[in-house]
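Report on one structure; see the data block that follows.
Just so we're on the same page: letters track the sequence lines, and every chain starts at 1.
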Protein chains: 2
Amino acid sequence: MDKKSEILHAALKLFVLHGFHATPTSGIAREAGVANGTLFHYFKTKDELIVALYVHIKKQLAFCILNEEIAEATIKEQCKSIYVNALNWGLEHPTEFRFVQQFLSSPYLMMLTPAEIKEQNNMVIELIKEGIATRQIKAIAPDFINSLFISHLFGVNQYVLQTNMSVADRNTLIEESFAMIWGMISV
Amino acid sequence: MDKKSEILHAALKLFVLHGFHATPTSGIAREAGVANGTLFHYFKTKDELIVALYVHIKKQLAFCILNEEIAEATIKEQCKSIYVNALNWGLEHPTEFRFVQQFLSSPYLMMLTPAEIKEQNNMVIELIKEGIATRQIKAIAPDFINSLFISHLFGVNQYVLQTNMSVADRNTLIEESFAMIWGMISV
DNA sequence: ATATAGATTGACTAATCACTCTACAAAATT
DNA sequence: AATTTTGTAGAGTGATTAGTCAATCTATAT
């Protein structure tokens, strides 16, 4: 792992543990095993590091969600694939997931342009629109359905993380929870 | 408004605007129109102020949710009353709502004891249990249903806040969104 | 071999921060 | 009236911070 990655990795850990401002850049550098100045060689400011980390993690999540052949699947199967992949990613990467949550409910969110924010949900929105057009999904605002979809994901993730469950129980819950959200948004 | 309230009010505004650590206590005191030392007369530390603010806001929300006669209502009506009241409170107090969100996804959350955290959902959990016992709500973990309920609330709130809607449209959406969550959790 | 560009370092700085301290004013209590 | 408690102020303090900078190192290209 190169130094830039080490810095991002250390920053993620410390930000989730202590919060953005309670984590000094000097602490990140120490945790990453690099000098103080090196951090500012890769990221002009601390704010730039925070935003870069968010974009970096979002990219990983997006890659993981799409990491399957779903071209020929039905709308429902595609939705389920996205749902299950996103949920599993969140459960396998709780620190990253928590960081995203922390970032989205912080004032740092405003450092992203509205276009950037919208862009990230674009794929799901398009899928929802297709589902509406083919009368498989309820004919209500796609943005609204997307909001419910994401919220549901967050809720299930949070519940699983704070509950000790066997892998089998967890998988059952994931199946059932998709059935619930699909029942809610499908016609 | 007394000085303590002024301090809480100023802190809320600045925390949501700039984040916890990016808001200096001196700034809060200035915004509240009191001296620096006065802040520390009422709150021993900045952390104590943050937690006190959270507890203060949660108390307001709890009061608002219960502010109706619902003793004789059915489980569904009680759930709807809580849902609508909570949602309306969030829409009428976006800053407070955002603060709660920010607090819950920050490391400050860990300053609350697990008992305190659990206590806050207790009323809804009890209602869900009653609903399950009377076979009106699906027989799955009450904590899980509570998670979904809260997440749904957050999702709808976020959508409404980021969308320009007429009051009529908003009320329709609130009605419809309750029907959706109720359809999801009822038998 | 030499030159050039980028990577890395860590001491340094100016600013800022949470919190303290002393002094005094206003109530409340005796 | 005297005394104690509580509220308020704001200058002051030691610690900490983001970011800079000049110096050194590494690697690749010529």
Practice problem: Answer with base, sugar-phosphate or nothing: what part of the nucleic acid does A:Y42 contact at a heavy-atom distance below 4.0 Å? | Solution: sugar-phosphate

Quiz item: Which of these nucleotides, C:dA7, C:dT9, D:dG7, is closest to any side-chain atom of A:H41?
Solution: C:dA7

Quiz item: Do the ring centers of B:F20 and A:F20 come within less than 6.0 Å of each other?
Solution: no

Self-check item: Whether B:S147 side chain and A:V156 backbone form a donor-acceptor pair below 3.5 Å
Solution: no

Quiz item: Can you name the side-chain contact (heavy atoms from CB on, under 4.5 Å) partners of B:D47, sequence neighbours left out?
Solution: B:T45, B:I50, B:Y108, B:M111

Exercise. Using whole Å, report how far CZ of B:F43 lies from P of D:dT6.
Key: 17 Å

Self-check item: Nearest-angstrom distance from the residue atom NZ of B:K4 to P of D:dT6
Solution: 14 Å

Quiz item: Of all residues at least two apart in sequence or in a different chain, which pass the salt bridge (Lys or Arg N to Asp or Glu O under 4.0 Å) check with A:K58?
Solution: none

Quiz item: Between D:dG7 and B:T38, is there an OP1 or OP2 to side-chain N/O distance shorter than 4.0 Å?
Solution: no

Quiz item: Taking protein heavy atoms under 4.0 Å as touching, what does nucleotides 14-21 of chain C look like 5' to 3' if B marks base contact, S marks sugar-phosphate-only contact and - marks none?
Solution: ---SBBB-

Exercise. Taking side-chain contact (heavy atoms from CB on, under 4.5 Å) as the test, write out the residues that go with A:A52, two or more places apart.
Key: A:F43

Quiz prompt | side chain to side chain donor-acceptor pair (under 3.5 Å) contacts touching residues 25-36 of chain A (sequence neighbours left out) | solution = A:K13-A:E31

Quiz item: How would you list all residue pairs meeting salt bridge (Lys or Arg N to Asp or Glu O under 4.0 Å) that involve residues 149-166 of chain B, not counting sequence neighbours?
Solution: none

Self-check item: salt bridge (Lys or Arg N to Asp or Glu O under 4.0 Å) contacts touching residues 86-104 of chain B (sequence neighbours left out)
Solution: none

Quiz item: Any side-chain N or O of B:K3 under 4.0 Å from OP1/OP2 of C:dA26?
Solution: no

Exercise. Give me the residues of residues 50-57 of chain A where at least one heavy atom lies under 4.0 Å from an atom of DNA chain D, by number, or none.
Key: none

Self-check item: Test side-chain contact (heavy atoms from CB on, under 4.5 Å) applied to A:E116 - qualifying residues, sequence neighbours left out
Solution: A:L112, A:T113

Self-check item: Contacts of type side-chain contact (heavy atoms from CB on, under 4.5 Å), residue A:R170, not counting sequence neighbours
Solution: A:L91, A:V160, A:I174

Quiz item: What residue pairs, at least two apart or across chains, pass side chain to side chain donor-acceptor pair (under 3.5 Å) with a residue in residues 136-145 of chain B?
Solution: B:T134-B:Q136

Quiz item: When the C1' atoms of the five terminal pairs at each end define the local axes, what inter-axis angle does the helix from C:dA1-D:dT30 to C:dT30-D:dA1 show, to 10 degrees?
Solution: 10°

Exercise. Using atom CZ of B:R30 as one end and atom P of D:dA9 as the other, report the distance to the nearest whole Å.
Key: 14 Å

